[in-house]
Structures are given as C-alpha cells and as structure tokens.
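These notes concern the structure reproduced below.
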Amino acid sequence: MTAAIGGRCSQEDRPRRAFAAHTPKWQRFQAKLIVPSSQAAHAVSQQVTDIYPYQRQYSSVYYQRLLALKPRCWKAMEGDSCTKVDRVLGLRENVPSMIVGTLVKEADDPREDPILPNTECRPSDQLYLEDESGRVALNLDNTHQYCTGIVLGVKGVVDAAGTMDVEEMFPPAPPPIASLSGETKPSLPASHTPHVLLVSSLLCGDPDVSSLPREMLASYLQGHFTLDAAKVCRVLVAGNGPSSQDPLQGIKELDAFGAQLSRLGIPIDIMPGKADPTTANWPQRPLHSSLIPNATTFVFRTPNPYAAGHGKQLFVGTDGTNVVDLQKHILTERKEPLSEMEALEKTMEWSHMCPTGPSSVPTVPHVEQDPMVLDQQPHVYFCGNAGKFAHKVMADGTVLLCIPKFSKTFEAVLLNLETLKVELLRFEHKD
C-alpha cells in the first residue's frame with residue numbers, strides 16, 4: 001500500500017486501538033555486567049557477581065552450544081543402524097559411524113582470493129568436526145554450504161588417513177513450538193484483529209535520509225489516513241533507529257518519534273542495531289534510558305536479539321547482523337551468494353540465531369548457556385535492515401520475515417496476530 005496525504009479523520013471518529021498482551025521473553029539476552037580483562041581479577045577477588053570477565057576463553061560458548069543441541073541432533077538421527085559414537089576420539093577406521101559435534105572451517109591458505117567477492121569462502125577451505133575430545137577432518141563436496149559454529153550430526157566412515165568420508169549431515173531436530181496464552185482485543189467499532197507493525201533502519205537524524213516518510217508513518221499510526229490504523233497494537237523497531245552519521249541528532253529524533261507514539265498510547269519496542277550507541281558484542285544491551293528520556297511511558301527498550309510474546313504469538317528476531325555475516329561465510333550449492341531469506345532460513349534450520357559468533361560476530365563470553373540457541377520454535381522469526389522485503393511460511397507454520405530498510409525502501413511490515421498474514425506498507429509521497 002502507498003500512503004497518501006489527505007482525507008484526514010476527525011478526532012471523534014477515531015476508534016479504540018486493538019490490544020495484544022506483551023510478554024517480554026528476552027531475559028536470556030540481557031547480558032550481565034561486562035568487566036574488562038584488566039579489572040577481572042579484582043572483580044573476582046572481591047566476589048562481584050553477575051559479571052562476564054573477558055579474560056575467559058570462548059571455548060565455553062561452543063561447549064554450551066554443543067551441550068544444548070547434541071541431544072536434538074541424536075534425535076534427528078534416530079532409527080539409523082550405524083554405530084553411534086559419543087566422542088570424536090571414539091571413532092574407528094572403516095566402521096560406519098554417527099557422531100555429533102561442532103563444525104570448524106579453516107582455509108589451508110588464508111591468503112588466497114575468496115571464491116566470490118565480499119565473502120570469506122576460499123577454494124582451500126577444509127571442514128572439521130570438533131568436540132571437547134578432539135577433531136576429525138571431513139571429506140564432502142559441499143564444504144562451502146557450512147561455516148564454523150554449526151552443531152550437526154554426521155554419518156560416515158573414517159578412512160586410513162583419519163578423514164571422515166561424509167555420507168549425510170543431520171541438523172538438530174526442531175524444538176517444540178512455543179505456547180503462549182496472551183490476551184488480545186480487537187479494535188472498536190470496526191473489530192479489527194490486532195496487528196504488529198515491524199520497521200527497521202529509520203535512521204532518524206540522518207542528513208541524507210528524508211524525514212517525510214517517517215512523518216507519514218507516524219500520521220498513519222495516528223489514524224490520519226485511515227481508521228484501519230487502530231488495528232496496530234504495537235510497533236517494533238528492528239534496529240538502526242538513530243543515524244550513526246549524527247548520533248546526537250539521531251537519538252533526539254528517535255526520542256521524539258517514540259514520545260509522539262507514546263502520547264497516542266501506541267506501545268513501541270526499540271531494538272538496538274549494529275551502529276547504535278550501545279554495546280557492540282552480542283547480545284547487545286538495550287539503549288540506555290537517558291538516551292530517550294521523553295519516550296518512556298509506552299516505550300520498551302529491548303536487547304538485540306529480541307524475543308517477546310504478542311498475544312499468543314512468539315516473535316524472535318535480530319537487527320540482521322547475523323544474516324549479513326552468515327552470507328559472507330556460506331554459499332549455495334552452486335557456489336552463489338545466499339539471499340537474506342536463505343541465510344535466515346539456515347539459522348532456523350540449525351537452531352541457532354548466530355552460528356558465526358563468536359568466530360566472526362563478536363559475542364559476550366557466556367559460561368552458563370548459549371542464549372542464541374533456539375530452544376522454542378517461534379511463530380514469527382525475523383531479521384531487520386534487509387535490502388528488500390521477503391516473506392516465507394515454513395511447513396510448521398512459522399513465518400519468516402526480512403524487514404526492509406525503511407530509510408531506503410520506505411516500507412514497513414504489518415502482521416496479523418490471528419492469521420499471521422503479512423501486508424507490506426509503503427510510505428512514499430508522490431507529486
């Protein structure tokens with residue numbers, strides 16, 4: 001749809017806005033206090049709790065990831081008669097075996113040119129399967145369809161050279177579908193089902209981005225163009241709300257945008273993005289409250305990644321950093337670049353939101369768990385800051401969304417919380 005200026009609705013005609021219970025599920029992404037390695041010893045000696053000292057090794061991240069996904073990989077391989085081997089060191093030569101581990105991809109010559117520009121895939125790439133006991137080299141044709149950090153089951157035979165000839169790879173079995181019981185109420189008097197509006201890359205305050213489409217978006221949400229806007233029960237900003245070119249002006253305009261919606265009773269979730277003023281390591285912490293002091297009543301500052309219940313639907317997603325990074329590290333079967341939707345689908349298939357972290361995407365050195373493991377199947381799984389809109393419904397009903405950059409496309413995504421049907425809105429002024 002293209003919003004058009006004109007035909008404003010009177011204040012008396014505006015209906016009651018639709019409602020959906022909002023249940024934050026992002027607690028596992030709330031990083032603890034981060035202490036520089038130079039201060040870690042003092043923090044530990046003083047028995048300071050809730051810290052992630054950066055002197056820790058990242059091996060714990062991969063260990064926790066393998067611990068969480070290993071049982072699901074074994075479940076995916078149920079029914080096969082091959083010998084099940086619990087540890088890499090237990091593999092035997094010329095014995096058909098199945099094993100679960102974490103993939104590691106290394107180039108024999110890291111200085112050689114990549115297969116495609118802007119990727120990290122090289123002709124000499126070699127895959128290994130690794131666990132806490134050791135590693136084994138894998139021999140397969142489609143090396144470039146995998147990257148470091150993926151937990152998979154592998155079926156094959158180890159040859160005399162100690163290399164495992166791979167017959168089949170098994171991703172983890174899907175997690176259980178999330179079950180929520182949040183309340184919803186339709187708008188009145190039109191009785192519209194609650195909808196969530198998803199938008200990313202507003203880039204508020206950017207000197208090269210027109211503010212008119214954003215003003216049109218706000219006018220639409222206020223009901224100036226159509227009474228149907230009352231069906232929007234919440235707005236989700238999926239990263240890059242403020243401009244990085246002029247951070248001060250960007251934060252100021254984002255605060256004003258949030259305050260404008262708050263005054264109208266429209267709740268808004270604001271996720272940080274890669275260039276936003278917060279922590280760089282994943283999971284990114286929410287924007288500090290002092291940055292958006294006026295947008296407080298109905299504004300929720302969330303971490304990145306994001307997880308929350310909207311009514312009975314679980315939304316999980318990111319600002320898109322994970323998708324962009326994965327596109328650099330894997331290729332299609334034909335050795336072509338992955339689309340954003342294909343990369344997003346791969347993270348769902350592998351039950352991990354960011355398999356290239358911490359090897360490529362910087363992450364917090366988690367010790368107790370890997371928070372990016374998908375332990376529930378969301379109803380809506382999205383990435384922000386996409387080059388173009390994409391939408392796919394999986395066999396189990398999960399909706400995958402690539403939310404386009406609003407600053408480039410002037411597009412936002414409207415999702416029906418009852419049917420999970422998607423509508424693309426475009427806010428573009430035409431003379």
For this session: Show your working on side-chain contact (heavy atoms from CB on, under 4.5 Å) between Leu420 and Val380 and close with a plain yes or no.
Result: CA-CA 8 Å; Leu420 294 183; Val380 179; 4.0 Å; yes
Would you find a donor on one side and an acceptor on the other, under 3.5 Å apart, between the side chain of [X] and the backbone of [Y]?
X	Y	answer
Asn142	Gln145	no
Arg17	Ala229	yes
Ser191	Leu188	no
Glu340	Gly387	yes
His22	Ala20	no
His366	Glu368	no
Thr398	Met394	no
His329	Cys147	no
Ser360	Gly357	no
Thr332	Glu336	yes

So, [X] and [Y]: side-chain donor and acceptor under 3.5 Å apart, yes or no?
X	Y	answer
Ser407	Ser201	yes
Thr321	Asp319	yes
Ser351	Arg72	yes
Gln284	Asn304	yes
Asp131	Ser133	yes
Gln245	Asp208	yes
Gln249	Asp246	no
Gln377	Asp396	yes

Flag the pair [X] / [Y] as yes when at least one side-chain heavy-atom distance between them is below 4.5 Å, and no otherwise.
X	Y	value
Thr83	Met98	no
Met353	Val323	no
Ser97	Val157	no
Gln376	Leu314	yes
Phe382	Leu198	yes
Asp276	Pro242	yes
Thr347	His352	no
Ile99	Arg87	no

Exercise. Please walk me through it: do Thr409 and Phe389 pass side-chain contact (heavy atoms from CB on, under 4.5 Å)?
Worked result: CA-CA 9 Å; Thr409 65; Phe389 168 72; over 6 Å; no
For this session: For the residue pair Tyr306 and Trp26, categorise the inter-ring angle as parallel (less than 30°), tilted (30 to 60°) or perpendicular (more than 60°).
Result: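 Tilted.
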For this session: Anything under 30° is parallel, anything over 60° is perpendicular, the rest tilted; go ahead and classify Phe427 against Phe406.
Result: tilted
Restricting to non-hydrogen atoms, name the atom on [X] and the atom on [Y] that form the minimum distance, rounded to 0.1 Å.
X	Y	result
Gly205	Ser243	C-CB, 3.9 Å
Gly153	Cys73	N-SG, 3.9 Å
Gln260	Ala218	OE1-CB, 3.7 Å
Val367	Ser60	CA-OG, 4.0 Å
Leu424	Ala412	CD1-O, 3.5 Å
Leu326	Pro355	CD1-CG, 4.2 Å

If you count every heavy atom of other residues, nucleotides or ligands that lies below 6.0 Å from [X] atom [atom1], does the total exceed 12?
X	atom1	value
Lys252	NZ	no
Asp141	CG	no
Leu248	CG	no
Tyr63	OH	no

Salt bridge [X]-[Y], side-chain N to carboxylate O under 4.0 Å:
X	Y	answer
Lys392	Glu342	no
Glu418	Lys312	no
Glu167	Lys155	yes
Lys274	Asp325	no
Glu78	Lys75	no

So how far is it from [X] [atom1] to [Y] [atom2], rounded to the nearest 0.5 Å?
X	Y	atom1	atom2	result
Phe410	Leu425	CZ	CG	15.0 Å
Leu129	Leu138	CG	CG	5.5 Å
Asp255	Leu287	CG	CG	10.5 Å

Exercise. Could you walk me through whether Leu221 and Met216 pass the side-chain contact (heavy atoms from CB on, under 4.5 Å) check?
Worked result: CA-CA 9 Å; Leu221 292 168; Met216 295 174 70; over 6 Å; no
For [X], side-chain contact (heavy atoms from CB on, under 4.5 Å) partners two or more places apart:
X	value
Lys335	His144, Leu331
Ala107	Arg122, Ser124, Asp125
Pro358	Tyr58, Val61, Tyr62, Arg65, Thr363

For this session: Evaluate the criterion salt bridge (Lys or Arg N to Asp or Glu O under 4.0 Å) for residue pair Asp370 and Arg28; output intermediate values, then yes/no.
Result: CA-CA 9 Å; Asp370 184 349; Arg28 73 180 191 271; over 6 Å; no
Problem set entry | Audit row: Glu411, Lys388, salt bridge (Lys or Arg N to Asp or Glu O under 4.0 Å) steps and yes/no | CA-CA 9 Å; Glu411 294 173 344; Lys388 63 179 182 179; over 6 Å; no
Exercise. Does the pair Glu106 and Arg135 meet the rule for a salt bridge (Lys or Arg N to Asp or Glu O under 4.0 Å), with working shown?
Worked result: CA-CA 13 Å; Glu106 297 177 351; Arg135 62 162 55 176; 3.3 Å; yes
Exercise. Going through the checks in order, is the side-chain contact (heavy atoms from CB on, under 4.5 Å) test met by Leu344 and Tyr381?
Worked result: CA-CA 8 Å; Leu344 183 66; Tyr381 187 54; 3.5 Å; yes
